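What follows is a set of notes on a single structure, which appears directly below.
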Number of protein chains: 2
Amino acid sequence: MQRSGHGTDLAVGDLTRAIEDFNRYYIRLPVVQKLPFTTLSVLDTLVQSGPKRLTELARAEQISQPGLTQLVTRLEHDGLVERRRDPTDGRAVLVHLTERGRQICQARHEDRGRHLLPLIAQLTPEERQSIAEALPALVRLAELGRQADQ
Amino acid sequence: MQRSGHGTDLAVGDLTRAIEDFNRYYIRLPVVQKLPFTTLSVLDTLVQSGPKRLTELARAEQISQPGLTQLVTRLEHDGLVERRRDPTDGRAVLVHLTERGRQICQARHEDRGRHLLPLIAQLTPEERQSIAEALPALVRLAELGRQADQ
DNA sequence: CGCAAATGTATCGCGAACTTATATAAGTGT
DNA sequence: ACACTTATATAAGTTCGCGATACATTTGCG
């Protein structure tokens, strides 16, 4: 266990394992809206960060620029996003979420909460307490991770 | 915030949000081995639960049985898994991990740990402490989630 | 036992979602 | 005005998933 060195008195292996566990559970969660994975990720990104350029989105999602252009075309066709010209740069397009796109993200979020609730109910009060106390730190950790990738 | 009702004095919305944050960060993490997502998920499943039948794997990964047959064919071709007959049922095939497949999972896990370490180093000692104390509960929560999907 | 029904895999054809390469359009610098 | 960079779009090819279907083995029951 990597316990020393960089001022991290936390078992990195354990945390990594825990996060991977959650990923495996969450990723395969059956969801209401059956959409391709990258599509959902793009929508979430737009919810969090607001309108973005195609190029920025492609970098964030780690797919090619043409791939994202096609994806946005599909999304636009389905009425989940809108392309608007960037007023400050005639070459660029800003991808905006529509109300419908926002609703889908919201519905997914609530759906996941519904899956989680009965699981939380099975924990002991002490376990729930410890998780509740760790939440701010976990959120900050995720925040740092997002920054690290720019 | 949903604080009452089923004996869950934990803000489900906040926890859901935190887990989603980690998913978004982790899923798009650039990794050493560039393999399709479902492929990696299958390998991880085999690491955790040992040899499995095609049908079981297909259900766990939520893809069709023909889809999984093809996936396993690719994996076998790449030497990451082996097909062995089930001694107790002549119809069934058990998918076994090879040493090479195990190594890839291990490498990915370590890679993720390396990404996480510098982030953890930026947290305050109190934040690290709170996360460390919540880890057993988080692991149990993930465990419950896995059981819930059978 | 013998044969239908159930169960487990494999194959085929198709469509969706990526990729790389290339083209077009707009801004930037000299 | 000219080359150069940046932003997006189009085209062709590949990969990975699905549904339908076929085949093999096991199970259950008269």
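Proteins come first, then strands; the chains are lettered A, B, ... in the order of their sequence lines, and each starts at number 1. No experiment lies behind these values; they were computed from the predicted model shown.
In this structure, A:Arg17 places its CZ atom where only 12 or fewer heavy-atom neighbours from other residues, nucleotides or ligands lie under 6.0 Å away.
Put simply, the side chain of A:Glu76 does not reach to within 4.5 Å of the side chain of A:Thr73, judged on heavy atoms. Contact of the A:Val47 side chain with the A:Gln106 side chain is not registered, since no non-hydrogen atoms from C-beta on lie closer than 4.5 Å. At least one side-chain heavy atom of B:Arg100 sits less than 4.5 Å from a side-chain heavy atom of B:Leu80. The shortest side-chain heavy-atom distance between A:Leu15 and B:Leu138 does not fall under the 4.5 Å cut-off.
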Report each atom pair, protein N/O against N/O of nucleotides 10-16 of chain C, whose distance is under 3.5 angstrom.
residue	atom	partner	partner atom	Å
C:dA10	OP1	B:Arg83	NH1	3.1
C:dA10	OP2	B:Arg83	NH1	2.6
C:dA10	N7	B:Gln65	NE2	2.9
C:dA10	N6	B:Gln65	OE1	3.2

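Residues A:Leu117 and B:Leu144 fall within the same hydrophobic cluster, defined by Ile, Leu, Val, Met, Phe, Trp and Tyr side chains chained together at heavy-atom separations under 4.5 Å.
The phosphate of C:dC18 (OP1 or OP2) has no side-chain N or O of A:Ser64 nearer than 4.0 angstrom. Put simply, B:Arg53 has a side-chain N or O that comes within less than 4.0 Å of OP1 or OP2 on C:dG8. Between A:Thr39 and the phosphate of C:dA17, there is no side-chain N or O to OP1/OP2 separation shorter than 4.0 Å.
We find that A:Arg108 and A:Asp111 are not joined by a salt bridge, their nearest charged nitrogen and carboxylate oxygen being 4.0 Å or further apart. A salt bridge links A:Glu99 and A:Arg102; the closest N-O separation between the charged side-chain nitrogens and carboxylate oxygens is under 4.0 Å.
Within 4.0 Å of B:Asp89, counting heavy atoms only, lie sugar-phosphate atoms of the nucleic acid but no base atom.
Rounded to a whole Å, the CD atom of A:Glu61 is 10 Å from the P atom of C:dC18. In this structure, CZ of B:Arg91 is placed 13 Å from P of C:dA6, rounded to the nearest angstrom. As rounded to whole Å, 14 Å separates atom C1' of C:dA17 from atom CG of A:Leu40.
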Decide yes or no on side chain to side chain donor-acceptor pair (under 3.5 Å) for A:Thr16 and A:Glu20, but give the supporting numbers first.
-> CA-CA 6 Å; A:Thr16 309; A:Glu20 284 168 1; 5.8 Å; no

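In terms of position on DNA chain C, the residue among A:Gly90 and A:Phe37 whose nearest nucleotide sits closer to the 5' end is A:Phe37. Mapping A:Leu68 and A:Thr88 onto DNA chain C via the closest heavy atom, the residue that lands nearer the 5' end is A:Leu68.
Along DNA chain D, read 5' to 3', the first and last nucleotides having any atom under 4.0 Å from a heavy atom of chain B are D:dC16 to D:dT26.
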